[in-house]
Amino acid sequence: MSIRALRTLITVHRHGSFRAAAEVERLTPAAVSQQMRNLETSWNLELFDRSQRTPQLTETGLSLVGEASAVISAYDNLAEKVSMGDELSGELILGAVPTTLTGLVPLALSQLKLKHPGIRVRIVPGLSNQLLLQLERGQLQAAVISRPDVISTSLNFSEIAKEDLVLLVSHNTEALPPKELLRSQPFIRFNRDAVVGRQIEAWLQMSEISVSDAMELEGLEAISSMVAAELGISIVPQRCVTVSDHLPLKTIPLGESRPRRVLGLVSHDGAPRTSIIKAMNAALFTAVSIGEFKMVR
């Protein structure tokens, strides 16, 4: 039995087949199959039902997955527990959606650095679904995402904040009801590959609002600049941590049926660096409570 084989077993469970696990673990399907047979031989246990084309975990196999997760978590956190006593240290590879990279995440990282200077955070930007895939593949340890409609039961999602979606317009825009503005003004879309972009599209369809697309962008800064230049209007999240950008903009609530996105920190249950992930989560909550990221000039 080896730690590597237990990791592979957990990956087989998460991804449903030897072939999918081989891709994640960067092994051949034959190597994954051999690791699983070695586990069965070592403990004289039947972990897989091989009567089907794709081997399925038996009840015994599923029980072992649960125990293996606890073993892996304990193993991965050994160095963290003994290295510096009560002081946390080490690297956290953190994914983050672009809309959080100029307010929430920088403020949270500054708070984390104040409390735990030994923690180093490497940021990987991406859209929510991309970050979830990277998390599943072990390329990230945690990620700040917009909660999608469906999330794997193997992941732990800790809600950080809810953000109303609002209409973003220039200061010179005529004071009209939001639905009237949306029907009459060029519309700058939020990227529909993003969770929040799909939320906006669903709300527009539910509200039976037909818009005239001007462009489709990903970042809040780019959208804000285009709106400030009076090239159109947009729907964006009302950020839980504001940034003073001094652009001539104003926001208009969308009414009682307004959509709302949920931001959260997602990680695997029993993930490595559990203490560091918890510290990151606490720093994110602190940033939301502060509510404003002030640039140092």
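Side-chain contact annotation: Arg261 with Thr99, donor-acceptor N/O pair under 3.5 Å present. Neither side chain, Thr8 nor Glu25, offers a donor N or O lying under 3.5 Å from an acceptor on the other. In this model, no donor atom of one side chain and acceptor atom of the other lie less than 3.5 Å apart for Ser267 and Gln141. The closest side-chain donor-acceptor pair between Thr286 and Gln111, if any, does not fall under 3.5 angstrom. At a cut-off of 3.5 Å, with distance as the only test, a side-chain donor of Thr173 or Ser170 sits close to an acceptor on the other residue. In this model, no donor atom of one side chain and acceptor atom of the other lie less than 3.5 Å apart for Arg147 and Ser128. Neither side chain, Asp49 nor Thr58, offers a donor N or O lying under 3.5 Å from an acceptor on the other.
Note on Leu135 and Val195: separate hydrophobic clusters, where clusters join Ile, Leu, Val, Met, Phe, Trp and Tyr whose side-chain heavy atoms are under 4.5 Å apart, directly or indirectly. By the criterion of side-chain heavy atoms lying less than 4.5 angstrom apart, applied directly or through intervening Ile, Leu, Val, Met, Phe, Trp or Tyr residues, Val24 is not grouped with Leu133; the two fall into different hydrophobic clusters. Grouping the Ile, Leu, Val, Met, Phe, Trp and Tyr side chains by contacts below 4.5 angstrom, directly or via other members, places Val144 apart from Leu220. When hydrophobic clusters are built by joining Ile, Leu, Val, Met, Phe, Trp and Tyr residues whose side-chain heavy atoms come closer than 4.5 Å, directly or via intermediates, Val243 is grouped together with Ile160. Residues Val241 and Leu265 share a hydrophobic cluster, clusters being chains of Ile/Leu/Val/Met/Phe/Trp/Tyr side chains in contact below 4.5 Å.
In terms of modelled atom types and a separation under 3.5 Å, the side chain of Gln185 and the main chain of Arg183 share no donor-acceptor contact. Distance alone, capped at 3.5 Å, is enough to place a donor-acceptor pair between the Arg198 side chain and the Asp193 backbone. A distance-only check finds a donor-acceptor pair linking the side chain of Trp203 to the backbone of Ser257 [under 3.5 Å]. A side-chain donor-acceptor contact under 3.5 Å links Thr100 to the backbone of Val97. The closest donor-acceptor contact from the side chain of Ser33 to the backbone of Pro29 lies at 3.5 Å or more, if one exists at all. A donor-acceptor pair under 3.5 Å links the side-chain atoms of Glu163 to the main chain of Cys240, judged by distance alone. Between the side chain of Glu159 and the backbone N or O of Val262, no donor-acceptor pair lies under 3.5 Å.
Contact annotation: the side chain of Arg258 never approaches that of Leu165 to less than 4.5 Å [non-hydrogen atoms, C-beta and beyond]. At least one side-chain heavy atom of Leu64 sits under 4.5 Å from a side-chain heavy atom of Trp43. Counting heavy atoms from C-beta on, the side chains of Met280 and Leu109 come closer than 4.5 Å. Residues Val236 and Val227 have side chains not in contact (no heavy-atom distance under 4.5 Å, counting atoms from C-beta outward). Val266 places none of its side-chain heavy atoms less than 4.5 Å from the side chain of Asn156. Counting heavy atoms from C-beta outward, Arg122 and Leu92 have side chains that stay 4.5 Å or more apart.
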Kindly indicate, with the supporting measurements, whether the criterion salt bridge (charged side-chain N to carboxylate O under 4.0 Å, His left out) is fulfilled by Arg26 and Glu23. CA-CA 5 Å; Arg26 299 179 182 177; Glu23 183 178 344; over 6 Å; no
Please assess Glu201 against Gln205 for the test side-chain hydrogen bond (donor to acceptor under 3.5 Å, both in side chains), listing each intermediate value before the final yes or no. CA-CA 6 Å; Glu201 176 62 18; Gln205 292 185 15; 2.7 Å; yes
Side chain to side chain contact (heavy atoms under 4.5 Å, CB included) assessment of Leu127 paired with Asn129: CA-CA 6 Å; Leu127 300 180; Asn129 288 332; 5.9 Å; no
Does Arg239 form a side-chain hydrogen bond (donor to acceptor under 3.5 Å, both in side chains) with Thr102? I'd like the steps, not just the answer. CA-CA 10 Å; Arg239 293 194 283 188; Thr102 54; 2.7 Å; yes
Output, in order, the C-alpha distance, side-chain angles, deciding distance and verdict of side chain to side chain contact (heavy atoms under 4.5 Å, CB included) for Ser146 and Leu263. CA-CA 5 Å; Ser146 300; Leu263 285 175; 4.0 Å; yes
Could you go through Arg50 and Glu40, starting from their C-alpha distance and side-chain angles, then the distance that decides it, and tell me whether this counts as salt bridge (charged side-chain N to carboxylate O under 4.0 Å, His left out)? CA-CA 13 Å; Arg50 290 181 171 81; Glu40 290 177 311; 2.9 Å; yes
Please step through side chain to side chain contact (heavy atoms under 4.5 Å, CB included) for the pair Glu46 and Thr60, ending with a clear verdict. CA-CA 7 Å; Glu46 186 178 356; Thr60 301; over 6 Å; no
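Shortest non-hydrogen contact noted between Leu132 and Pro148 is CD1-CG, 3.8 Å. In this structure, Arg189 and Val211 approach most closely via the heavy-atom pair NH2-CG2, 3.6 Å. When every heavy atom of Leu217 is checked against every heavy atom of Met215, the shortest pair comes out as CD1-SD, 3.9 Å. Smallest separation of non-hydrogen atoms from Ile276 and Ser89: CD1-O, 3.3 Å. In terms of heavy atoms, Leu168 sits closest to Ser224 at CD2-OG, 3.9 Å. Looking at every heavy atom in both residues, Ile10 comes nearest to Val65 through CG1-O, 4.4 Å.
Here the CZ-CD1 distance, from Phe187 to Ile209, works out to 9.0 Å after rounding to the nearest 0.5 Å. Taking CG of Leu167 as the reference point, atom CD1 of Ile233 lies at 4.5 Å (rounded to 0.5 Å). From Gln35, atom CD reaches atom CZ of Arg7 across 11.5 Å, with rounding to the nearest 0.5 Å. The structure places CG of Leu131 at 10.5 Å from CD of Gln139, a figure rounded to the nearest 0.5 Å. For the atom pair CZ of Arg4 and CG of Leu9, the computed distance is 13.5 Å after rounding to the nearest 0.5 Å. Distance CG/Leu94 to CG/Leu284: 7.5 Å, rounded to 0.5 Å.
Lys162 NZ: 12 or fewer foreign heavy atoms inside a 6.0 Å radius. By the 6.0 Å contact criterion, CD on Glu208 is open, its count of non-hydrogen atoms from other residues, nucleotides or ligands being 12 or less. In this structure, Asp213 places its CG atom where more than 12 heavy-atom neighbours from other residues, nucleotides or ligands lie under 6.0 Å away.
For Arg192, the side-chain hydrogen bond (donor to acceptor under 3.5 Å, both in side chains) test picks out Glu216, with sequence neighbours left out.
Among residue pairs with one or both ends in residues 4-23, those qualifying as ring pair (Phe, Tyr, Trp, His ring centres under 6.0 Å) are Phe18-Phe48; sequence neighbours excluded.
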